[in-house]
Amino acid sequence: TNISALLGSDPDGVIGTADDVGAKITDGRIGAVLYKTSAGTSYALDAAGSAALVGVPGFTLSGSLAARVNTTGGAVNESITMPSGSPVSVVFAADDTAPVFKGTVTAEAAGFASLSGSFAASKSGSQLTVAASNITAFVGAGSTGVEVTDGELGLVVNTTSKKFALVTSGNFAVTGVAGLTVTGSGSLRINRLGESINQTISTPEGSVTVSFPTGVDVTRAEATLALQFSSFVSASGNFLIEKVDTTDLTTIRASATNLDAFLGVNFNAPGEFGVRIDDAGFAMVIEKPAVGSAAFAVSSLGGSLSISGLPSLDLDGPLAISINKLGHSIDVDIPTLDGTTIPIEFPTADPVQRLAGDVAFSIAGFTSLKGTYQFELDTATAGTTKVRVAGTNISALLGSDPDGVIGTADDVGAKITDGRIGAVLYKTSAGTSYALDAAGSAALVGVPGFTLSGSLAARVNTTGGAVNESITMPSG
């Protein structure tokens with residue numbers, strides 16, 4: 001009883017001094033059997049007690065842990081009576097020969113993530129290896145942050161340099177942020193070794209590869225995530241996640257360079273209907289103050305546009321997701337996995353939630369309406385999905401436009417400028433359809449000897465019925 005043990009490095013041979021590096025057990029109990037046979041001497045022991053990882057700056061670990069060592073080269077099955085009178089079993093399988101520390105603990109890694117789960121540790125030379133399964137990890141503050149569940153962990157500690165590298169993989173979710181749902185899978189990655197490493201560690205639930213190609217310090221999470229902004233846009237992509245702590249604020253930053261975003265229904269599923277952005281840049285900031293609720297801001301950049309479910313309509317141009325619920329202005333560049341940055345810029349504290357941009361809204365066999373657009377989703381009516389479209393500064397040409405630029409010398413036909421448009425895209429059990437109404441200043445261009453000017457409207461209704469909708473313009 002009152003056992004202390006260290007799996008690691010202990011140069012002075014005294015457990016509890018400043019030179020200890022490794023997994024330490026204190027206040028423990030032990031059962032051991034010492035053997036002497038004609039082949040020589042050996043032993044088997046099983047110890048358990050309070051646990052801690054010591055001497056590794058940036059990584060703390062505590063909980064309950066057991067040490068198991070079998071040098072006999074075979075199976076062991078013994079029962080030993082403790083001083084208190086209770087029996088202790090020492091049992092090893094024939095192939096159970098590697099020294100192991102194992103148990104259930106909680107840990108804190110580089111001030112970035114907290115972890116808990118079932119751990120096992122083993123030592124070879126100056127390297128201490130920790131494997132874990134059923135890991136739960138958290139990056140954030142309070143109840144707001146990124147949670148990893150059902151994970152596996154691989155940890156490598158150099159007991160000479162007192163440095164470590166860690167990888168945890170599992171299921172990801174964002175918690176504690178109203179209006180935002182995030183799920184997916186990925187990994188937490190931390191390297192403090194100061195050198196490259198590529199090592200696979202076996203856990204009870206599978207293998208974890210601890211791989212860092214350089215010795216540069218790394219502290220981040222990487223994940224494939226699906227995002228849902230309440231009653232607005234859905235999105236998915238491969239994300240880089242980082243955490244920054246200040247005295248009164250925890251900030252989580254996420255970015256992606258291959259984001260797919262969607263305003264509509266049945267995203268990436270049969271019956272998809274709505275407006276898509278593919279392969280866009282994306283950045284998000286989640287802020288959790290010491291007192292108060294979490295809030296977030298989002299911006300997207302670039303990507304290719306399309307309309308799903310209505311083959312006669314198409315979009316082209318830069319359409320961006322913009323959301324600011326922080327309650328203050330923000331101007332920050334968020335780093336991405338490929339080394340670029342995505343800006344989040346809102347010059348005022350005004351709340352913003354829009355999918356908007358300067359795009360061309362094309363109608364097959366009719367015309368292309370170019371201008372500044374905003375899109376809204378309406379699923380309030382059972383069985384009907386509506387995507388509302390509002391636009392200003394619209395220009396359109398009903399005729400011939402070989403270079404695709406309205407206002408150049410090759411234009412021939414009826415031209416609308418300084419226009420506005422309202423459109424509604426419908427999906428019902430009967431199929432898809434749309435209605436639009438565009439109006440503006442009009443002129444007949446490219447026809448020598450004939451001039452025409454005034455006001456002109458473009459109106460198309462493919463619904464087969466009456467339409468009566470109100471749409472909010474970008475100006476309000």
Please find the pair of heavy atoms, one from [X] and one from [Y], that lie closest to each other, and give the distance.
X    : Y    : value
L188 : A137 : CD1-CB, 3.6 Å
L115 : A109 : CD1-CB, 4.0 Å
S126 : T160 : CB-OG1, 3.5 Å
T250 : A141 : OG1-CB, 3.3 Å
L155 : I201 : N-CD1, 3.8 Å
A44  : N70  : CB-OD1, 3.9 Å

Kindly determine whether F138 and V146 satisfy side-chain contact (heavy atoms from CB on, under 4.5 Å), including the steps that lead there.
CA-CA 6 Å; F138 187 75; V146 179; over 6 Å; no
May I have the step-by-step check of side-chain contact (heavy atoms from CB on, under 4.5 Å) for N158 and E195, ending in yes or no?
CA-CA 11 Å; N158 185 315; E195 59 183 319; 4.0 Å; yes
Honestly, is R192 close enough over F59, meaning NZ or CZ under 6.0 Å from the six-membered ring centre and within 45° of the axis?
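The answer is no, since R192 fails at least one limit relative to F59.
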Side-chain donor-acceptor pair under 3.5 Å between [X] and [Y], yes or no?
X    : Y    : result
N134 : S118 : no
T224 : N238 : yes
D358 : T372 : yes

Using 0.5 Å steps for rounding, measure from the [atom1] atom of [X] to the [atom2] atom of [Y].
X    : Y    : atom1 : atom2 : value
I323 : I344 : CD1   : CD1   : 10.5 Å
I15  : S4   : CD1   : OG    : 4.0 Å
I330 : T348 : CD1   : OG1   : 12.5 Å
L315 : S362 : CG    : OG    : 7.5 Å

So, does S124 use its side chain to make a donor-acceptor pair with the main chain of Q127 at under 3.5 Å?
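Between the backbone of Q127 and the side chain of S124 there is no qualifying donor-acceptor contact (under 3.5 Å).
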Side chain to side chain, [X] and [Y], heavy atoms closer than 4.5 Å:
X    : Y    : value
T385 : D378 : no
S299 : F346 : yes
E287 : L326 : yes
V174 : T181 : no
L225 : F172 : yes
L249 : V244 : no
I286 : T144 : yes
V91  : V76  : no

Kindly state each residue pair satisfying salt bridge (charged side-chain N to carboxylate O under 4.0 Å, His left out) with at least one member in residues 325-336, sequence neighbours excluded.
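Sorted result for residues 325-336: empty, none.
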Quick test of your reading: applying salt bridge (charged side-chain N to carboxylate O under 4.0 Å, His left out), list the pairs with at least one residue in residues 252-271, sequence neighbours left out, ordered by first then second residue.
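For residues 252-271, and leaving out neighbouring residues, there are no salt bridge (charged side-chain N to carboxylate O under 4.0 Å, His left out) pairs at all.
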Yes or no on side chain to side chain donor-acceptor pair (under 3.5 Å) for S50 and D27, after CA distance, side-chain angles and deciding distance?
CA-CA 6 Å; S50 300; D27 300 323; 4.6 Å; no
For atom CZ of F232, is the number of surrounding heavy atoms from other residues, nucleotides or ligands below 6.0 Å larger than 12?
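Yes - once you tally the heavy atoms of other residues, nucleotides and ligands closer than 6.0 Å, there are more than 12.
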Worked check of side-chain contact (heavy atoms from CB on, under 4.5 Å) between T379 and T381:
CA-CA 6 Å; T379 57; T381 304; over 6 Å; no
Would L305 and V359 satisfy side-chain contact (heavy atoms from CB on, under 4.5 Å), going step by step from the backbone distance to the final call?
CA-CA 9 Å; L305 302 181; V359 302; 3.6 Å; yes
Below 3.5 Å, can you tabulate the donor-acceptor pairs from side chains in residues 272-282 to any protein atom, sequence neighbours excluded?
unit_1, atom_1, unit_2, atom_2, d
E272, OE1, N268, N, 2.7
E272, OE1, R276, NH1, 2.7
E272, OE2, R276, NH1, 3.2
E272, OE2, S308, OG, 2.6
R276, NE, D278, OD1, 3.3
R276, NE, D278, OD2, 3.3
R276, NH1, N268, OD1, 3.0
R276, NH2, N268, OD1, 3.4
R276, NH2, D278, OD1, 2.7

Residue from L425, T428, L377, V424 passing side chain to side chain contact (heavy atoms under 4.5 Å, CB included) with K386:
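Answer after filtering L425, T428, L377, V424: V424.
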I'd like to check the ring pair (Phe, Tyr, Trp, His ring centres under 6.0 Å) partners of F212; sequence neighbours left out, ordered by chain and number.
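Not a single residue meets the ring pair (Phe, Tyr, Trp, His ring centres under 6.0 Å) criterion with F212.
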Who are the salt bridge (Lys or Arg N to Asp or Glu O under 4.0 Å) partners of E222, not counting sequence neighbours?
R189, R220
Basic-acidic side-chain contact under 4.0 Å: D316, K370:
no
Yes or no on side chain to side chain donor-acceptor pair (under 3.5 Å) for S234 and Q228, after CA distance, side-chain angles and deciding distance?
CA-CA 5 Å; S234 304; Q228 177 64 60; 2.5 Å; yes
Who pairs with A254 by side-chain contact (heavy atoms from CB on, under 4.5 Å), at least two apart in sequence or on another chain?
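So A254 forms a side-chain contact (heavy atoms from CB on, under 4.5 Å) with F239, I241, M284.
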